[in-house]
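For reference, the structure is listed below as structure tokens.
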Amino acid sequence: MEFITGLTKKEQDLEVILSKDIEVKEQKQITIYGAIHTIRDMGDVVFVILRKKEGLFQCVYEKTDQEIEIPKLKEGQTVQVLGTAKAEERAPHGFEIRLKSIEIFSTPKKPMPLQISRWKLNTSLEANLDNRAIALRNVKERAIFKIQEGIARGFRDYLYDEGFTEIHTPKVGAKSAEGGANLFKLEYFHRPAVLQQSPQFYKQMMVGVFDRVFETAPVFRAEKHNTKRHLNEYTSLDFEMGYIKDFRDIMEVETGFLKYTFKLLKDKYAKELKILGVELPEITQIPEVTFKEAKEQVAKEYNRKIKNPYDLEPEEEKLIGKYYKEKTGSDFVFITHYPSKKRPFYAMDDPKDPSVTLSFDLLYKGLEITTGGQRIHDYDMLLEKIEKRKIEVEGMEDYLAVFKYGMPPHGGLGIGLERLTMELVGLDNIRQATLFPRDQSRLIP
Ligand code: AMO
């Protein structure tokens with residue numbers, strides 16, 4: 001009988017070289033696998049560039065060498081090569097592989113729909129998204145999603161360290177938390193159901209169990225607008241924490257997360273930051289300003305009329321970002337005390353002025369990347385607000401019941417992962433920060 005031991009095999013030769021444990025001064029035999037990214041035929045010498053998860057690797061062979069067996073090579077083939085590694089300053093990672101033989105695993109049946117071996121994919125966004133799984137093989141495109149991985153990893157690692165429990169809540173339900181008309185409706189065994197717009201109800205309920213929870217998962221918004229910053233399905237980085245003193249505790253955790261994550265990116269994702277030319281923002285502290293003050297300040301500074309006193313227009317957010325960047329040097333600014341009218345029923349009103357809530361948004365380079373705040377934790381207060389707003393409670397019974405059995409003062413936030421990625425990398429459209437974007441016209445791939 002054979003047994004599985006759980007000892008995974010790594011490409012040991014390559015790992016040793018990349019970890020710089022040995023200098024590739026003398027020739028060293030090596031086997032590595034990858035996809036053929038490009039082939040450059042220089043006459044007698046042929047350069048074969050392999051694409052691997054670690055980056056690009058240069059292999060080389062001389063056509064005059066009788067001893068080597070090289071089959072017919074094509075871009076896009078997946079292969080395993082055997083050769084000798086030799087130091088070469090001009091090659092990626094400082095070495096190249098002199099080929100001895102190649103084993104081909106697969107050969108493309110068709111020419112590539114996009115020239116993915118180009119440094120910059122010179123194609124329209126439409127063509128990129130139509131051929132997404134191929135476009136993402138491009139080194140720059142792929143790097144965006146390694147950065148995105150770093151953000152989600154930073155969120156997880158930081159919150160684990162802060163004593164949060166990771167949870168997974170259902171995405172199909174009878175009712176959603178945010179209300180409004182932007183719900184995807186579906187039929188669930190002859191009953192009406194919706195796709196969750198956020199894990200709001202569940203994360204609050206779980207505060208009663210774990211005190212501090214977080215989730216990174218898709219959420220669904222049936223919004224009809226077609227903009228560069230909206231998706232119909234996006235990944236929400238949510239957390240919720242109990243026993244808070246006030247909503248500033250939540251802003252502190254978010255600032256801590258950002259600091260931690262930018263350090264993680266600097267340490268572990270330097271290669272991708274370089275590929276994309278990203279300069280990480282320096283954060284020591286983030287300015288905080290009230291909604292009213294920010295609105296008035298920008299109206300005054302840029303000579304604008306206040307059209308809607310209850311919400312921020314995208315243009316206003318841009319100007320707020322610009323103004324506080326000039327004033328404080330920070331790319332980030334917390335806007336606090338949003339009007340109660342514009343916040344969901346679960347938001348805690350400010351006891352000093354109930355027309356505003358103890359809530360905030362975080363703007364990054366003038367784009368809203370986060371909404372958060374303190375929630376109502378008292379059952380009677382929650383019912384009173386629901387009644388005042390004439391909200392239908394059917395489907396919310398379980399959420400409401402939790403408050404009958406006691407809940408701590410709590411609050412939390414939701415961060416749009418794609419928006420944060422987009423601004424950090426400096427992309428023009430949120431779809432570029434989404435592996436397979438879902439918008440009004442796009443349901444495939
Ligand atoms: P909100 O609805 O403001 O709050 O969403 C939180 C954050 O999610 C991002 N976001 C979006 N990203 C892409 N496409 C969209 N259509 C989209 N809509 C929102 C933004 C936004 O700041 N339950 C609350 C959060 C909380 O209070 O905990 C909520 O979902 O970055």
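Positions are given from 1 along the sequence. Order of listing sets the numbers, starting from 1, for every ligand and every atom in it.
The contact set between ligand 1 and Tyr346, taken as ligand atoms under 4.0 Å from a residue heavy atom, comprises 23 (N), 24 (C). Residue Gly372 approaches ligand 1 through these ligand atoms, each under 4.0 Å from one of its heavy atoms: 27 (O). Listed by atom number, the atoms of ligand 1 under 4.0 Å from Ser198 heavy atoms are 23 (N), 30 (O). Annotation for ligand 1: atoms under 4.0 Å from non-hydrogen atoms of Ile430 are 13 (C). If you number the atoms of ligand 1 from 1 as listed, the ones under 4.0 Å from a heavy atom of Leu413 come out as 26 (C), 28 (O). Within the listing of ligand 1, atoms 7 (C), 8 (O), 9 (C), 31 (O) sit less than 4.0 angstrom from a heavy atom of Gly416.
Taking a cutoff of 4.0 Å between a charged side-chain nitrogen and a carboxylate oxygen, Glu296 and Lys292 qualify as a salt bridge. Taking a cutoff of 4.0 Å between a charged side-chain nitrogen and a carboxylate oxygen, Asp161 and Arg156 do not qualify as a salt bridge. Here Glu240 pairs with Arg375 in a salt bridge; the nearest charged N to carboxylate O distance falls below 4.0 Å.
Donor-acceptor pairing under 3.5 Å is recorded for the side chains of Thr78 and Ser106. Side-chain polar atoms of Tyr260 and Glu162 form no donor-acceptor pair below 3.5 angstrom. Looking at Ser340 and Lys342, their side chains never bring a donor and an acceptor atom within 3.5 Å of each other. A donor atom on one side chain and an acceptor atom on the other are found under 3.5 Å apart for Tyr160 and Glu166. Side-chain polar atoms of Thr169 and Glu215 form a donor-acceptor pair below 3.5 angstrom.
For Leu420, the closest heavy-atom approach to ligand 1 does not fall below 4.0 Å. Between Arg229 and ligand 1 there is a heavy-atom distance shorter than 4.0 Å. Using a 4.0 Å cutoff on heavy atoms, Gly373 does not count as a contact of ligand 1.
If you look at His230 next to ligand 1, the close heavy atoms, those under 4.0 Å, come from the backbone and the side chain alike. Residue contacts with ligand 1, taken as heavy atom pairs separated by less than 4.0 Å, involve Arg375 solely via side-chain atoms from C-beta onward. Under 4.0 Å from ligand 1, the heavy atoms of Glu178 that appear belong solely to its side chain. Residue-level proximity to ligand 1 for Lys203 is carried by the side chain, the only part with a heavy atom below 4.0 angstrom.
Of the candidates Phe201, Phe220, Tyr234, it is Tyr234 that places a heavy atom closest to atom 10 (N) of ligand 1. If you check each of Arg221, His225, Glu233 against atom 1 (P) of ligand 1, the one with the closest non-hydrogen atom is Arg221.
The nearest heavy-atom contact from the protein to atom 16 (N) of ligand 1 is Glu223 OE1, 2.7 Å. Nearest to atom 3 (O) of ligand 1 among the protein's heavy atoms is Thr371 OG1, 2.7 Å. Nearest protein heavy-atom contact of atom 31 (O) of ligand 1 is Ile369 O, 2.8 Å. In this structure, the protein non-hydrogen atom closest to atom 6 (C) of ligand 1 is Gly414 O, 3.4 Å. With respect to atom 14 (N) of ligand 1, the closest heavy atom belonging to the protein is Leu231 N, 2.9 Å. With respect to atom 20 (C) of ligand 1, the closest heavy atom belonging to the protein is Arg419 NH1, 3.8 Å. Among protein heavy atoms, atom 21 (C) of ligand 1 sits closest to Glu368 OE2, 3.0 Å.
Exactly one of Lys146, Arg431, Arg132 qualifies for a salt bridge (Lys or Arg N to Asp or Glu O under 4.0 Å) with Glu141. That residue is Arg132. Tested against Glu316 for a side-chain hydrogen bond (donor to acceptor under 3.5 Å, both in side chains), the candidates Lys295, Arg304, Lys307 yield a single pass: Lys295.
Using a 4.5 Å heavy-atom threshold, the side chains of Gln196 and Phe201 count as separate.
Nearest heavy atom pair, residue Ile306 against residue Ala299, reads CG1-CB, 3.8 Å.
Panel note: side chain Arg40, backbone Val48; no donor-acceptor pair is recorded below 3.5 Å.
At under 3.5 Å, not a single nitrogen or oxygen of Glu240, backbone or side chain, sits near a nitrogen or oxygen of ligand 1.
Taken to the nearest 0.5 Å, the CZ atom of Phe164 stands 8.5 Å off from the OH atom of Tyr158.
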